[in-house]
**Student:** 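My structure is below; once you've seen it, I'll send some questions.
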Amino acid sequence: MAKLAEDIYSKALFDMSVEYGAVDRFASEAALIREALEAEPEWLLLLTHPELSAEEKKDLVENCFKGKVSDDLTGFLVVVTKAKRADRLIQILDKYEKQAREYQRRGTAFVTSAAALSEEQKRALEKKLLETTQYTSYEIHYSVDADLIGGLRIRIGDRLVGSSIRTPLDEMKKCLMNMRIMH
């Protein structure tokens, strides 16, 4: 049920942001709120505390966010809190941010290489990603894993792109082990 609630609330927020022509603004505000909630997990405990009334929780949300984010987003937070879904706020906002990025055609890629990439290699990789996907911009997170031996591993959403030298070596090892067992 919680997953369904996340889908329902994030879609409602997304639909509202599209209707108001405010996807960019809502996305940046949602990110600020999510980051604040992640930094202060005790705050969510207050919003879900059984001894606080709905009115006290509403006041808490308004006192914390009114004037810092739009009234529309503050109102959304109040609705989620009154519906007793405040414990899922981080997940709801995270889902919304993903929907907004897709709508804006901004991709997120996680690139793992055997050695650190130069700035020139990073620019060339981003150019290639832009040419081969529907995205108009990318947020790319780079990491190094020496176990790859060579090549790249690129994850975009739930897709894994590219390959490393480690992958065929592991497959060859598995094949050789299976042959050894058979003999």
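Residue numbers start at 1 and run along the sequence shown. Because the structure is predicted, anything quoted here is derived from the model rather than measured.
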**Student:** Before accepting this row, confirm whether a basic side-chain N of the pair Glu126/Arg123 lies closer than 4.0 Å to the acidic partner's carboxylate O.
**Tutor:** no
**Student:** Would you say that Val61 contacts Trp43 through its side chain, given a criterion of any heavy-atom pair below 4.5 Å between the two side chains?
**Tutor:** yes
**Student:** Are Thr108 and Glu97 side-chain neighbours, meaning at least one heavy-atom pair lies under 4.5 Å?
**Tutor:** no
**Student:** Is the closest side-chain heavy-atom distance between Leu32 and Lys68 below 4.5 Å?
**Tutor:** no
**Student:** Which of parallel (below 30°), tilted (30 to 60°) and perpendicular (above 60°) describes Tyr103 and Phe14?
**Tutor:** perpendicular
**Student:** Does any part of the side chain of Arg159, heavy atoms only, come nearer than 4.5 Å to the side chain of Thr133, both counted from C-beta?
**Tutor:** yes
**Student:** Locate the shortest heavy-atom distance separating Leu44 from Ala86; write the atom from each residue and the value.
**Tutor:** CD2-O, 3.2 Å
**Student:** Might you point out which heavy atoms bring Ser137 and Leu130 nearest each other, and give the distance in Å?
**Tutor:** N-CD2, 3.6 Å
**Student:** How many angstroms lie between atom CG of Leu117 and atom NZ of Lys122, to the nearest 0.5 angstrom?
**Tutor:** 6.5 Å
**Student:** Taking all non-hydrogen atoms of both residues into account, name the closest pair between Ser10 and Ile92 and its distance.
**Tutor:** CB-O, 3.5 Å
**Student:** Under the criterion salt bridge (charged side-chain N to carboxylate O under 4.0 Å, His left out), I'd like the reasoning laid out for Glu102 against Lys98: C-alpha separation, chi angles, the key distance, then a yes or no.
**Tutor:** CA-CA 6 Å; Glu102 283 295 317; Lys98 288 177 182 165; over 6 Å; no
**Student:** As an exercise, state the distance from CG of Leu4 to CZ of Arg88, rounded to the nearest 0.5 Å.
**Tutor:** 12.0 Å
**Student:** Do Val79 and Ile8 land in one hydrophobic cluster if side-chain heavy atoms of ILVMFWY residues count as linked below 4.5 Å?
**Tutor:** no
**Student:** Shortest non-hydrogen contact from Val144 to Ala114?
**Tutor:** CG1-O, 3.4 Å
**Student:** Nearest 0.5 angstrom please: Thr81 OG1 to Leu60 CG, how far?
**Tutor:** 8.5 Å
**Student:** Output the distance between atom CD (Glu29) and atom CG (Leu77), rounded to the nearest 0.5 Å.
**Tutor:** 9.5 Å
**Student:** Shortest non-hydrogen contact from Arg85 to Ala5?
**Tutor:** NE-CB, 3.5 Å
**Student:** Would Leu37 end up clustered with Val78 when hydrophobic side chains under 4.5 Å apart are linked, directly or stepwise?
**Tutor:** yes
**Student:** Taking it one step at a time, do Asp72 and Arg25 satisfy side-chain contact (heavy atoms from CB on, under 4.5 Å)?
**Tutor:** CA-CA 11 Å; Asp72 297 318; Arg25 179 172 50 87; 4.3 Å; yes
**Student:** Mind checking the CG-NZ spacing from Leu13 to Lys95? Nearest 0.5 Å is all I need.
**Tutor:** 13.0 Å
**Student:** Would you say Leu89 ends up clustered with Leu45 if hydrophobic residues are merged whenever their side chains have heavy atoms under 4.5 Å apart, either directly or through other cluster members?
**Tutor:** no
**Student:** Is a side-chain N or O of Arg105 found less than 3.5 angstrom from the main chain of Gln134, in a donor-acceptor match?
**Tutor:** yes
**Student:** Is the shortest side-chain heavy-atom distance between Lys82 and Lys57 below 4.5 Å?
**Tutor:** no
**Student:** If you take all heavy atoms of Tyr9 and Ala83, which pair is closest and at what distance?
**Tutor:** OH-CB, 3.0 Å
**Student:** What distance do Tyr138 atom OH and Arg106 atom CZ have between them, rounded to the nearest 0.5 Å?
**Tutor:** 12.5 Å
**Student:** Are any non-hydrogen side-chain atoms of Phe76 and Phe26 less than 4.5 angstrom apart?
**Tutor:** no
**Student:** According to a hydrophobic-cluster definition based on side-chain heavy atoms being under 4.5 Å apart (Ile, Leu, Val, Met, Phe, Trp, Tyr only), do Leu125 and Phe110 belong together?
**Tutor:** no
**Student:** Counting neighbours of CD on Glu131 that are heavy atoms of other residues, nucleotides or ligands and sit closer than 6.0 Å, is the number greater than 12?
**Tutor:** yes
